[in-house]
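This is a predicted model, so every value here is computed, not measured.
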Amino acid sequence: MDPWLWAAVFVLAVSFLSNVSPFVGSSYTLLSTLELTLLGPSLWGFILVVVVSAVGATCAKLGIYYGAFGLRRFLVRNKNVRLVGRYSSTPRFYLALFVAAVLPVFPFDDYFFIGAGASSASLGAMTAVTLGAKLLKSFAEIALEFTVLRNLATAIGGNQLVLTVALTAAFVVIGVVAYWVDWESIFERAKARRGRRATAKAL
């Protein structure tokens, strides 16, 4: 098999599998960066890895959506899922989804697809927004990670593969911890503080 075709298949599989498992998708750009490093950096290789990783990540979110749709009677018990479901039909939802899908480390966009799936929200616009966000995310993160990991491995005399695996494991732990945080309570407290400030200004 052609090395670039193999790279595309590997990156697509890694991006899909890591993102289809909720809260571990933050590691896929690291593995995509590693594949680019092993093949040898080039403009064509960079574009290929960015586009394929973004497509794989977006397709995985569709899997999360349909999985949540099938398990909605169980998922609606989670406060964070209910919070997303309440706002899934508003314009702000899509802006927040874009930001969440771009943010590094924390896979907050999983909440959006779980909440939207559990509440049977529309999927078309979510897919378009997510693909755009993932293209931006992959472009920025892979470029940065390639530069940082190469320089770090050189500085400490370490192996880039070992560094990649260690960072991937750390991001998985962060994603799992983020799931158990009561984001609904945090959101409500922030909303209450804004309300109090608005009232104080009015007086």
Side-chain angles (χ1 to χ4, degrees), residues 1-69 94 96-117 123-150 160-179:
M1 183 183 289
D2 181 86
W4 289 110
L5 179 58
W6 164 249
V9 171
F10 173 80
V11 170
L12 182 67
V14 165
S15 300
F16 181 85
L17 293 175
S18 63
N19 279 275
V20 82
S21 302
F23 315 115
V24 300
S26 56
S27 62
Y28 75 97
T29 57
L30 282 168
L31 296 176
S32 299
T33 301
L34 178 62
E35 183 67 21
L36 178 62
T37 302
L38 294 174
L39 283 171
S42 68
L43 179 60
W44 156 247
F46 176 73
I47 293 173
L48 176 69
V49 168
V50 166
V51 172
V52 173
S53 63
V55 170
T58 302
C59 290
K61 301 306 177 183
L62 305 186
I64 290 177
Y65 176 94
Y66 284 114
F69 181 81
Y94 296 102
L97 171 61
F98 184 89
V99 173
V102 170
L103 284 175
V105 183
F106 297 103
F108 287 131
D109 52 336
D110 289 349
Y111 287 118
F112 287 82
F113 278 89
I114 291 174
L123 186 59
M126 290 182 67
T127 302
V129 168
T130 302
L131 179 59
K134 292 304 181 185
L135 285 169
L136 178 60
K137 176 185 174 72
S138 291
F139 179 88
E141 288 192 5
I142 292 173
L144 179 62
E145 288 163 359
F146 177 81
T147 303
V148 171
L149 286 173
R150 181 181 59 183
Q160 189 165 334
L161 175 60
V162 174
L163 289 174
T164 302
V165 171
L167 286 173
T168 299
F171 288 159
V172 169
V173 171
I174 291 171
V176 172
V177 171
Y179 176 74

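A pairwise comparison of heavy atoms in S42 and G45 identifies OG-N, 3.0 Å as the closest pair. The minimum heavy-atom distance linking I142 with V49 is given by the pair CD1-CG1, 3.5 Å. Annotation for A125 and Y94: closest pair CB-CE2, 3.6 Å, computed over non-hydrogen atoms. Between A101 and K137 the shortest heavy-atom distance is O-CD, 3.2 Å.
Between F146 and E141, the closest side-chain pair of non-hydrogen atoms is not below 4.5 Å. Put simply, the side chain of S32 does not reach to within 4.5 Å of the side chain of F10, judged on heavy atoms. You'll find the side chain of T130 reaches within 4.5 Å of the side chain of F113, heavy atoms only. In this structure, S15 and V52 have side chains that are not in contact, with every pair of non-hydrogen atoms separated by 4.5 Å or more. No side-chain heavy atom of F16 sits under 4.5 Å from any side-chain heavy atom of K61. Inter-residue side-chain proximity for L136 and F98 is flagged as met; some heavy-atom pair is nearer than 4.5 Å. Residues D109 and K134 have side chains in contact (heavy-atom distance under 4.5 Å, counting atoms from C-beta outward).
Atom OG1 of T127 is separated from atom CG of L97 by 9.5 Å, given to the nearest 0.5 angstrom. Considering SG of C59 and CG of L131, their distance stands at 8.5 Å, rounded to 0.5 Å. Atoms CG and CG, from L48 and L12 in turn, are 10.0 Å apart once rounded to the nearest 0.5 Å. Distance check, rounded to the nearest 0.5 Å: CG of L144 to OG1 of T33 gives 9.0 Å.
Ring-centre distance between F139 and F46: below the 6.0 Å cut-off.
Using a 3.5 Å distance cut-off with no hydrogens or angles, the side chains of S138 and T29 do not pair a donor with an acceptor.
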